[in-house]
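Since the model is a prediction, treat every value here as computed from it, not as a measurement. Counting starts at 1 for both ligands and their atoms, in listed order.
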Amino acid sequence: MRPNLLILGGTTEGRHLCKAVAEAGLAGTVSMAGRVKHPAPQGLPMRLGGFGGPGGLARYLRDNAVTHVIDATHPFAAQMSCNAIDACARTKTPLIALTRAPWQAGPGDRWTHVPDIAGAVAALDRPAQRVMLAVGRMHLQDFAANPQHAYLLRLVDPPATPLGFPRAEVIVDRGPFTLAGDRALLSEHRIDLVVSKNAGGTGAQAKILAARELGLPVLMIDRPAIAKRAEAHSIAEVLRWLGHVSTDLGV
Ligand code: 3Y8
Ligand code: NAP
C-alpha cells in the first residue's frame, strides 16, 4: 500500500515537512483549521477547517485511505493533537508528532513562567506598563481584564471588530519574525514587558531573543500537557519513521 499522508499543519516546521514530502514524491495532504484569511501555501494539496472532533477525523482517515498521520501543529493546539491521538488509535493509523522543544531561559533572560493564559492575565494585575501581547487573537479578550496597560498587539489579520482595549496599538503581521525586526519593534514602542506562549521553534522566537538583548522581562506561558504519542524533532526523523513504518506495512 503506497503511503498516503495527512499532515496536520500550521507551523514553520509543518510547512518545511510538506516541502520535503512533496520533494520525496510522497502523496500527502496538509490540513489547516482555517484560522486566518489567507493561509500560506504549503507545497501540498490543502484542506481547510475542522474535521468534527475525533470521530470526524477517524472518518476522514478511513474515507481517504490515510496511511500515516504527522501532527505538525503548534504546541498550543492541544485539542487537535488530542483528537489525532484518539482518531489514530480508533483507526490503527500510525501517528507521529513533529514537535519542537520548549524554549529554555538562557543567560540574561528575565522570565516569569505562568502555567496558562489565565495565569498570564492574573500576572498582569499590576500598575500600568507598556506590554507587548504577542499571543495572537483567539485569547485576546481574556486580557481585557487589565485595561490599565498600553498594549502592543500583533495579529495575523486586521481585527474584524473593536478589540475593547482602551490603550492598544495593533500591528498586522505574520511570522516567522526576525531578531532585528522585533528588537526595533520593542524599542520603538518602549515596551516594558513581553507576554509570550512557549511556542518553541524559531518562527516566534525573535521577540524572546530581542527581549533578552534589551534586558526586558518576559511572561512565559507554559504549554498545555498533551497525552503520550510518538514524537520527532526533525524532518529527517519523520522521513525515517515513514520509511520504517512503511516497511512494516510491506511497501
Ligand atoms: C493558521 C498558517 C510558517 C508558519 C508560520 C510557528 C511560527 C510564524 C509565530 C508573535 C507570535 C501566534 C500565532 C504565531 C506564529 C509561525 C507560523 C506562527 C504566533 C500561521 C498560520 C495560521 C496561524 C494561526 C495563528 C493563531 C495564533 C497563532 C499568531 C499560515 C500564520 C500568536 C502563536 O487570528 C487568528 O485566529 C490567529 C490564530 C492560532 C494564536 C492565537 O491564539 O491567536 N497562529 N498562524 C493555521 C490554521 O488555520 O490551521 O498561514 O502560515 C502560522 C504561523 N504562525 O509558514 O513559517 O511555527 O509557530 N502564530 C504563538 O506562538 O503565540 C505569533 O506575534 O510573536
Ligand atoms: P486547537 O485549539 O487545538 O483545535 C481546536 C479545533 O480546531 C480542533 O479540534 C479542530 O476542529 C480544529 N483544528 C485545529 N487545527 C486543525 C488543523 N490543522 N486542521 C484541521 N482542523 C484543525 O487548535 P488552535 O490552537 O486553534 O490551532 C489551530 C491551527 O493554528 C493549527 O493548525 C495550529 O497548528 C495553528 N497554530 C496555532 C497556534 C496557537 O498558538 N494555538 C500557533 C501557531 C499555529 P475539529 O474538532 O472540528 O476537528
Side-chain angles (χ1 to χ4, degrees), residues 6-19 29-44 46-61 69-87 97-100 102-103 116-117 120 132-143 151-161 163 170-179 181-183 185-186 191 194-211 218-224 226:
L6 172 66
I7 296 171
L8 301 173
T11 57
T12 298
E13 291 75 8
R15 173 166 56 85
H16 292 166
L17 174 64
C18 289
K19 184 167 176 292
T29 302
V30 59
S31 175
M32 306 273 244
R35 286 271 178 280
V36 299
K37 280 199 178 60
H38 307 291
Q42 302 289 312
L44 280 180
M46 183 188 292
R47 69 163 297 287
L48 273 181
F51 296 95
L57 176 54
R59 202 166 29 257
Y60 177 90
L61 298 178
V69 175
I70 299 104
D71 177 356
T73 58
H74 188 277
F76 278 72
Q79 188 59 62
M80 185 70 257
S81 294
C82 290
N83 291 358
I85 293 167
D86 182 338
L98 173 56
T99 185
R100 54 249 187 143
W103 298 316
D116 49 27
I117 294 272
M132 178 179 185
L133 195 47
V135 294
R137 174 194 60 87
M138 294 195 305
H139 302 277
L140 209 44
Q141 289 320 309
D142 299 3
F143 290 89
Y151 289 106
L152 174 64
L153 307 174
R154 182 151 64 185
L155 303 174
V156 176
D157 294 319
T161 54
L163 293 172
V170 176
I171 305 270
V172 177
D173 196 0
R174 70 169 63 201
F177 301 105
T178 64
L179 173 55
D182 276 7
R183 185 174 46 226
L185 193 67
L186 293 175
I191 297 300
V194 175
V195 181
S196 172
K197 293 176 186 171
N198 195 332
T202 55
Q205 193 176 24
K207 61 188 178 284
I208 305 303
L209 300 175
V218 174
L219 265 185
M220 186 59 77
I221 305 170
D222 293 335
R223 6 173 106 175
I226 293 178

| said: With a 4.0 Å cut-off on heavy atoms, is V135 in contact with ligand 1? | reply: yes
| task | Please confirm whether L155 comes under 4.0 Å of ligand 1, counting heavy atoms of the residue only. | result | no
| request: Determine, counting only non-hydrogen atoms of the protein, whether one lies under 4.0 angstrom from atom 44 (N) of ligand 1. | output: no
| field | Within reach of ligand 2, part of V135 (heavy-atom separation under 4.0 Å) | value | neither
| request: Could you tell me if any non-hydrogen atom of H16 lies under 4.0 Å from any atom of ligand 1? | output: no
| Considering only the protein, which heavy-atom contact is closest to atom 64 (O) of ligand 1, and what is its distance? | R154 NE, 2.8 Å
| remark: Under 4.0 Å between heavy atoms, the region of A199 that gets near ligand 2 turns out to be neither
| Looking at atom 30 (C) of ligand 1, is any protein heavy atom nearer than 4.0 Å to it? | yes
| From atom 25 (C) of ligand 1, is the closest protein heavy-atom distance below 4.0 Å? | no
| field | Any protein heavy atom nearer than 4.0 Å to atom 54 (N) of ligand 1 | value | no
| said: Does the protein come close to atom 15 (C) of ligand 1 - that is, does one of its heavy atoms sit below 4.0 Å from that atom? | reply: no
| task | Would you mind telling me if ligand 2 is within reach of the side chain of M32, the backbone, both or neither, using heavy atoms under 4.0 Å? | result | backbone
| Within a distance of under 4.0 Å, is there any protein heavy atom near atom 59 (N) of ligand 1? | no
| request: Could you tell me whether ligand 1 has any atom less than 4.0 Å away from a heavy atom of G34? | output: yes
